Structures are given as C-alpha cells and as structure tokens.
Chemist: 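Here you go, one structure.
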Amino acid sequence: MLSETPAGVVSGSGDGPGPGDGLVKTGVVVFAVGALATLVTVAPLFLGTEPFPTVAYLVSMLMGVGFALAGAGVLRSVAAQRRQAREARRAA
C-alpha cells in the first residue's frame, strides 16, 4: 500500500535530530519571546500607564517570525521524510 510508511523511515528513530528539528526549536523560542513581548506591550493598555516605546512593539513581531521558522522546519522535515520514503520504495 502506498499510504503506509516503509520500515525504517519513521522520524525520530534514535539516529539524532532530523532535518528541520533545529528550525522548529528555534521557532518555538523566538515565538515565545514574541508572545512575552506582546503581553508586556499590551499590559499598559489595561493598567492605564504610559505605553512602551516603538521598539517593544517591534519585538512583538517576533511572534510571527517564530511561527514562520517553525513552519519552515516542519516543511523541511516533511520533505526529508518523503525523500526517504521514495528512496526506500525504489530500493524495495
């Protein structure tokens, strides 16, 4: 069946990090920094204090950058797994 993954192609089989894993981890960290910055920049609106400078709002944009990095890592991992599956199918 073509819908089944050939044996030995499963990611995370113990042979170290796969392609794209580093991008996903980096994306999660960058996303978390952006999410924290977003919470910090929104807080003055509820507390009635002076808003933060523009730089704080620019750091909030890291949330989207982190999401894009993690998505690129997932796509890279998917491409590598498809390539491995194709090679395993040809070898069989």
Side-chain angles (χ1 to χ4, degrees):
M1 287 192 213
L2 293 178
S3 63
E4 293 181 4
T5 305
V9 180
V10 178
S11 177
S13 59
D15 55 353
D21 288 352
L23 277 174
V24 172
K25 290 178 184 177
T26 304
V28 167
V29 170
V30 172
F31 183 87
V33 169
L36 182 64
T38 300
L39 291 175
V40 168
T41 54
V42 171
L45 298 173
F46 296 113
L47 300 175
T49 60
E50 291 292 319
F52 287 103
T54 306
V55 175
Y57 293 96
L58 294 175
V59 174
S60 297
M61 291 185 188
L62 287 178
M63 216 161 114
V65 173
F67 188 78
L69 280 172
V74 168
L75 291 176
R76 187 172 179 191
S77 177
V78 167
Q81 288 178 9
R82 290 184 66 167
R83 198 175 313 114
Q84 286 177 348
R86 200 176 309 122
E87 290 171 4
R89 216 179 3 217
R90 287 181 188 157

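Every value quoted in this text rests on a predicted model; they were computed, and no experiment measured them.
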Chemist: Identify each donor-acceptor pair in which a side-chain atom of residues 48-57 lies under 3.5 Å from a protein atom, sequence neighbours left out, and give them as a table.
Modeler:
none

Chemist: Quick one: does S77's side chain have a donor or acceptor within less than 3.5 Å of a partner on G73's backbone?
Modeler: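 Such a contact is absent between S77 side chain and G73 backbone.
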
Chemist: Mind checking side chain to side chain contact (heavy atoms under 4.5 Å, CB included) for V78 and listing every partner two or more places apart, or none if nothing turns up?
Modeler: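 Result, side chain to side chain contact (heavy atoms under 4.5 Å, CB included) vs V78: V74, R82.
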
Chemist: Can you list the other members of the hydrophobic cluster that holds M63, where links are side-chain heavy atoms under 4.5 angstrom apart?
Modeler: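 Same cluster as M63: F31, F67.
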
Chemist: Mind checking side chain to side chain contact (heavy atoms under 4.5 Å, CB included) for A80 and listing every partner two or more places apart, or none if nothing turns up?
Modeler: P19, R83

Chemist: Please go through L75's hydrophobic cluster and name the other residues, only I, L, V, M, F, W, Y counting, with side-chain heavy atoms under 4.5 Å joining them.
Modeler: none

Chemist: Residues in side chain to side chain contact (heavy atoms under 4.5 Å, CB included) with A37, at least two apart?
Modeler: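 Per chain and number, A37 pairs via side chain to side chain contact (heavy atoms under 4.5 Å, CB included) with V59, S60.
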
Chemist: Which other residues end up in the same hydrophobic cluster as L58, if Ile, Leu, Val, Met, Phe, Trp and Tyr are linked when side-chain heavy atoms come under 4.5 Å apart?
Modeler: M61

Chemist: Looking at V33 and L62, what are the two nearest heavy atoms and their distance?
Modeler: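 Minimum heavy-atom separation between V33 and L62: CG1-CD1, 4.0 Å.
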
